[in-house]
Amino acid sequence: MQKLAALVITSFLAAPAFASSIAPESASICTRDFNSWGQSSHCECPDATRYENRIGQCVQGLPVEIAVEGYIYPSRNTDGDVVAYRIMKNGTESYNVALPFALREKFADEKLEGTKILFKGEKIDHFSGNELVETTIIVDEIDTPDLSPEIVLFH
């Protein structure tokens, strides 16, 4: 029994830390309000998960900070309305971006499309089974010399 306990502890300590990921089960009961990120401010999530009110999802795992420099592009619906934003990095890597309303409005300006920006925030992975499908960055801070300070500074 001691060998098994030692093996389990050793395996746990040797395993890499897992970033937050979307929980396989969604929230059950949510408030009917909307926060500055366009999500319910509170929802009940299953055990061992927490509600992330910036993306409106139940997540599991520990927060992991990430910094990604890339170009921001809007995703538009068939009417041409911006429904989401993505960061393209080196033409191969792509990330979803979660932004508060105040910053979404600033990025709606088509002149900013394709501007290189350093995004800093929390990384949230989305898996399908054991396969990583996409990663979302919940943006806490942006930095770029090309943008005016009133766009860069927010919280």
Side-chain angles (χ1 to χ4, degrees), residues 12-27 30-45 48-155:
F12 178 74
L13 293 175
F18 291 102
S20 294
S21 62
I22 303 293
E25 296 180 40
S26 58
C30 298
T31 57
R32 296 180 77 180
D33 64 331
F34 291 102
N35 62 23
S36 63
W37 295 75
Q39 307 298 331
S40 293
S41 30
H42 181 76
C43 290
E44 290 184 19
C45 289
T49 66
R50 64 181 165 83
Y51 179 66
E52 177 48 71
N53 67 1
R54 296 172 293 177
I55 60 171
Q57 298 278 334
C58 295
V59 298
Q60 57 194 9
L62 299 173
V64 172
E65 296 297 313
I66 187 172
V68 174
E69 188 174 67
Y71 301 93
I72 190 165
Y73 292 97
S75 297
R76 300 181 188 276
N77 64 16
T78 55
D79 294 331
D81 299 324
V82 175
V83 293
Y85 288 95
R86 297 190 68 75
I87 299 171
M88 297 298 290
K89 179 181 175 185
N90 302 330
T92 57
E93 290 181 57
S94 175
Y95 302 89
N96 288 330
V97 183
L99 301 166
F101 278 132
L103 201 55
R104 285 184 216 171
E105 290 174 11
K106 292 176 182 178
F107 280 115
D109 184 349
E110 291 182 6
K111 291 182 283 187
L112 297 177
E113 196 170 312
T115 301
K116 193 170 196 174
I117 301 171
L118 176 63
F119 293 87
K120 297 177 183 177
E122 183 180 340
K123 172 184 170 181
I124 306 285
D125 291 328
H126 189 155
F127 290 92
S128 177
N130 290 331
E131 185 176 329
L132 178 63
V133 177
E134 63 187 3
T135 298
T136 297
I137 299 174
I138 301 173
V139 178
D140 291 326
E141 182 181 340
I142 62 172
D143 186 22
T144 181
D146 299 335
L147 297 180
S148 60
E150 66 270 8
I151 292 178
V152 175
L153 299 174
F154 74 96
H155 277 280

(request) First locate atom OH of Tyr71, then atom OG of Ser94, and finally report the distance between them rounded to the nearest 0.5 Å. (result) 14.5 Å
(request) Please determine, by modelled atom types, if Asp125 and Thr135 share a side-chain donor-acceptor pair under 3.5 angstrom. (result) yes
(request) Give yes when the SG atoms of Cys58 and Cys45 are nearer than 2.5 Å, otherwise give no. (result) yes
(message) Counting only heavy atoms not in Asp79 (residues, nucleotides, ligands), do more than 12 fall under 6.0 Å from its CG?
(response) yes
(request) Find the distance between CZ (Phe34) and CZ (Phe101) and round it off to the nearest 0.5 Å. (result) 8.0 Å
(message) Please check: side-chain N/O of Glu52 versus main-chain N/O of Arg54, any donor-acceptor pairing under 3.5 Å?
(response) yes
(message) I need the minimum non-hydrogen distance between Ser40 and Asn53, along with the two atoms involved.
(response) O-CB, 3.7 Å
(message) Return the CG to CZ distance between Asp140 and Phe119, rounded to the nearest 0.5 Å.
(response) 12.5 Å
(request) Take Ile55 and Ile124, measure what side chain to side chain contact (heavy atoms under 4.5 Å, CB included) needs, and give me the verdict at the end. (result) CA-CA 10 Å; Ile55 60 171; Ile124 306 285; 4.1 Å; yes
(request) To the nearest 0.5 Å, tell me how far Tyr51 OH sits from Ser26 OG. (result) 11.0 Å
(request) Please report the closest heavy-atom contact between Ser41 and Asn35, naming both atoms and the distance. (result) CA-ND2, 4.1 Å
(request) Run through Glu131, Glu134, Gln57 and flag the one making a side-chain contact (heavy atoms from CB on, under 4.5 Å) with His126. (result) Glu134
(message) Nearest 0.5 angstrom please: Phe127 CZ to Ile22 CD1, how far?
(response) 10.5 Å
(message) Is it true that Thr31 and Asp33 share a donor-acceptor pair across their side chains at a distance under 3.5 Å?
(response) yes
(request) Answer whether the closest heavy-atom distance between the side chains of Ile66 and Ile137 falls below 4.5 Å. (result) yes
(request) Look up atom CD in Glu69 and atom CD1 in Ile117, then write down how far apart they are to the nearest 0.5 Å. (result) 10.0 Å
(message) What verdict does the side chain to side chain contact (heavy atoms under 4.5 Å, CB included) test give for Gln60 and Ser20, after you've listed the backbone C-alpha separation in whole Å, the side-chain angles of each residue and the deciding distance to 0.1 Å?
(response) CA-CA 5 Å; Gln60 57 194 9; Ser20 294; over 6 Å; no
(request) Start with the C-alpha gap between Leu118 and Val68, add the side-chain angles, then the distance that decides, and say whether side chain to side chain contact (heavy atoms under 4.5 Å, CB included) holds. (result) CA-CA 6 Å; Leu118 176 63; Val68 174; 5.9 Å; no
(request) Check step by step if side chain to side chain contact (heavy atoms under 4.5 Å, CB included) holds for Asn96 and Tyr85. (result) CA-CA 6 Å; Asn96 288 330; Tyr85 288 95; over 6 Å; no
(request) Give a yes or no on this: more than 12 heavy atoms of other residues, nucleotides or ligands lie within 6.0 Å of atom CD of Glu93. (result) yes
(request) Identify the heavy atoms of Val139 and Trp37 that sit nearest to each other, and give their distance. (result) O-CH2, 3.3 Å
